[in-house]
Amino acid sequence: MPELPEVETVRRGLDPVMTGQRIEVAEVRRPDLRWPFPKSMAARLMGAQVTALRRRSKYILADLGTGETLIIHLGMSGRMLIDPGDGARAPGSFHHAAETPGKHDHVILDMSGGTRITFNDARRFGAMDLHPTATLDDHWLLSKLGPEPLGNVFSAPYLMGRFKDRHTPVKSALLDQRIVAGLGNIYVSEALWRAKIHPRRLAGKISAQRIATLVPAIRDVLTEAITAGGSSLRDYRQADGELGYFQHSFAVYDRADQPCRHPGCTGTILRIVQSGRSTFHCNMCQR
DNA sequence: CTGCACGCCTGCCCGC
DNA sequence: TGCGGGCAGGCGTGCA
């Protein structure tokens with residue numbers, strides 16, 4: 001599920017209950033996710049103050065007063081559950097049936113403010129790691145990432161340079177996290193539809209003019225999704241404390257056989273498979 | 001170097 | 001109601 005907008009939404013939801021607070025109890029219930037948690041992760045989290053909560057691409061970064069940063073990746077099915085607590089529960093305890101950890105609750109953090117944060121991940125493609133904050137950019141998961149799509153480095157000239165001579169479909173190129181970091185399968189389809197670029201078009205053969213359209217299309221799709229996510233945060237308690245899982249309507253994603261929503265276009269959304277993954281597009285207006 | 005298939009896991013949905 | 005197959009929004013590895 002989580003691409004950049006969802007991860008940013010989760011970060012914003014966690015920020016008020018994490019930043020400035022101390023991790024009173026850290027419990028690791030299952031260490032074998034995508035990569036094993038570092039040894040002694042629970043011990044290194046215990047008592048640490050969260051000084052800042054940041055995001056890089058699809059990673060949530062919790063800077064700790066200990067000089068380390070907790071790197072959190074949600075993978076395909078990872079969730080962060082927030083339980084504000086009733087003010088009476090002792091940290092680390094599970095006195096009420098409703099608080100018994102589920103079978104996919106892998107990490108539980110009890111914060112000094114009384115909030116319990118649970119990292120739940122059924123498919124276990126998610127990950128956590130600890131790394132010195134000062135050299136975080138050198139972490140093996142982060143060091144090869146391209147620029148943030150919402151940052152200043154990401155521009156039409158930049159993308160033009162990275163697409164040059166690339167003989168891969170533009171869909172695949174945009175999924176390449178070394179070119180731009182944070183897009184996933186859904187928002188690539190959405191951005192290409194907005195820019196009216198066919199997903200099979202080779203990256204190296206897209207004109208400068210069309211790349212100049214693609215860059216703001218990517219930015220707008222992500223920004224609008226973050227905005228939609230932000231509005232969903234206001235009532236997250238109604239969703240059992242589950243952050244970032246907002247209803248979002250996509251223009252093409254998962255809309256096979258339905259009409260294209262571009263004004264004046266009479267096309268139908270098609271589903272194709274590229275590199276083993278679904279791509280949705282309109283072959284009337286995307287060229 | 002590039003582009004792509006594959007595997008890692010579990011849950012869900014569909015057809016039989 | 002049960003079962004098998006296909007599918008899922010990520011990412012690294014390994015191969016040609």
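Chain letters run A, B, ... following the sequence lines, proteins first and then strands; every chain starts at 1.
- When all heavy atoms of A:R11 and A:I60 are compared, the closest pair comes out as N-CD1, 4.2 Å.
- Of the possible polar contacts, one joining the A:R44 side chain to the A:K39 backbone as a donor-acceptor pair under 3.5 Å is found.
- The side chain of A:H104 contributes an N or O atom lying less than 4.0 Å from OP1 or OP2 of B:dG11.
- With hydrogens and angles ignored, no donor-acceptor pair closer than 3.5 Å exists between the side chain of A:R124 and the base of B:dC8.
- When the P atom is used for both C:dC3 and B:dC9, the distance is 24 Å, rounded to whole Å.
- At whole-Å resolution of the value, CG in A:D254 and C1' in C:dA8 are 10 Å apart.
- Phosphate proximity of C:dG9 to A:Y187: absent, as no side-chain N or O sits under 4.0 Å from OP1 or OP2.
- The partner of C:dG9, taking Watson-Crick or G-U wobble pairs whose two distances both stay under 3.5 Å, does not exist in any strand shown.
- B:dG11 and C:dG12 have their C1' atoms separated by 23 Å, with the value rounded to a whole Å.
- Protein atom CD of A:E8 is 17 Å distant from nucleotide atom C1' of C:dG9, rounded to whole Å.
- A side-chain donor-acceptor contact under 3.5 Å links A:D63 and A:T69.
- In this structure, of C:dC11, C:dG12, C:dA8, it is C:dC11 that holds the atom nearest to the side chain of A:K58.
- If you take CZ of A:R277 and C1' of C:dG9, they are 7 Å apart, rounded to a whole angstrom.
- Taking only side-chain atoms of A:F125, from C-beta outward, the nucleotide of B:dG11, C:dG10, B:dC4 with the closest atom is C:dG10.
- Computed from coordinates, the A:K144 NZ to B:dT2 P distance equals 12 Å when rounded to whole Å.
- Within 4.0 Å (heavy atoms only), A:R34 reaches at least one base atom of the nucleic acid.
- The NZ-P distance, from A:K164 to B:dC1, rounds to 18 Å in whole Å.
- Relative to the side chain of A:A122, the nucleotides B:dG11, C:dG9, B:dC4 differ in distance, and B:dG11 lies closest.
- Between A:H167 and B:dG3, a side-chain N or O to OP1/OP2 separation shorter than 4.0 Å is absent.
- In this structure, of C:dC11, B:dA5, C:dA8, it is C:dA8 that holds the atom nearest to the side chain of A:R271.
- Note on ring orientation: taking the six-membered ring where Trp is involved, the planes of A:Y59 and A:H73 are tilted (angle from 30° to 60°).
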Inset, instruction - Please lay out, stage by stage, how A:R12 and A:E8 fare under the test salt bridge (charged side-chain N to carboxylate O under 4.0 Å, His left out). - result: CA-CA 6 Å; A:R12 291 181 186 189; A:E8 175 60 20; 2.7 Å; yes

Inset, instruction - Please lay out, stage by stage, how A:D176 and A:R166 fare under the test salt bridge (charged side-chain N to carboxylate O under 4.0 Å, His left out). - result: CA-CA 12 Å; A:D176 186 339; A:R166 289 285 297 234; 3.5 Å; yes

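- Summarising the geometry, the separation between CG on A:L142 and P on C:dC11 is reported as 11 Å, rounded to the nearest angstrom.
- The side chain of A:K171 contributes no N or O atom lying less than 4.0 Å from OP1 or OP2 of B:dC4.
- Heavy atoms of A:R178 sit nowhere under 4.0 angstrom from any nucleic acid atom.
- Regarding A:D32, its CG atom lies at a distance of 10 Å from the C1' atom of B:dC9, rounded to whole Å.
- A single hydrophobic cluster is seen to contain both A:I218 and A:L150, as judged by linkage of ILVMFWY side chains at heavy-atom distances under 4.5 Å, directly or through other members.
- Picking from B:dG11, C:dC11, B:dC4 the nucleotide with the shortest atom distance to the side chain of A:T168 gives B:dC4.
- Across all strands shown, C:dC15 forms a Watson-Crick or G-U wobble pair with B:dG3, both key distances being under 3.5 Å.
- When each of A:H73 and A:G276 is assigned the nucleotide of DNA chain C with its nearest heavy atom, A:G276 is the one assigned upstream, toward the 5' end.
- Between the side chain of A:R123 and the base of C:dA8, at least one donor-acceptor pair of N or O atoms lies under 3.5 Å.
- A sub-4.0 Å separation between OP1 or OP2 of C:dC7 and a side-chain N or O of A:S278 is absent.
- Spacing between atom CG of A:L175 and atom P of B:dT2 amounts to 17 Å, rounded to whole angstrom units.
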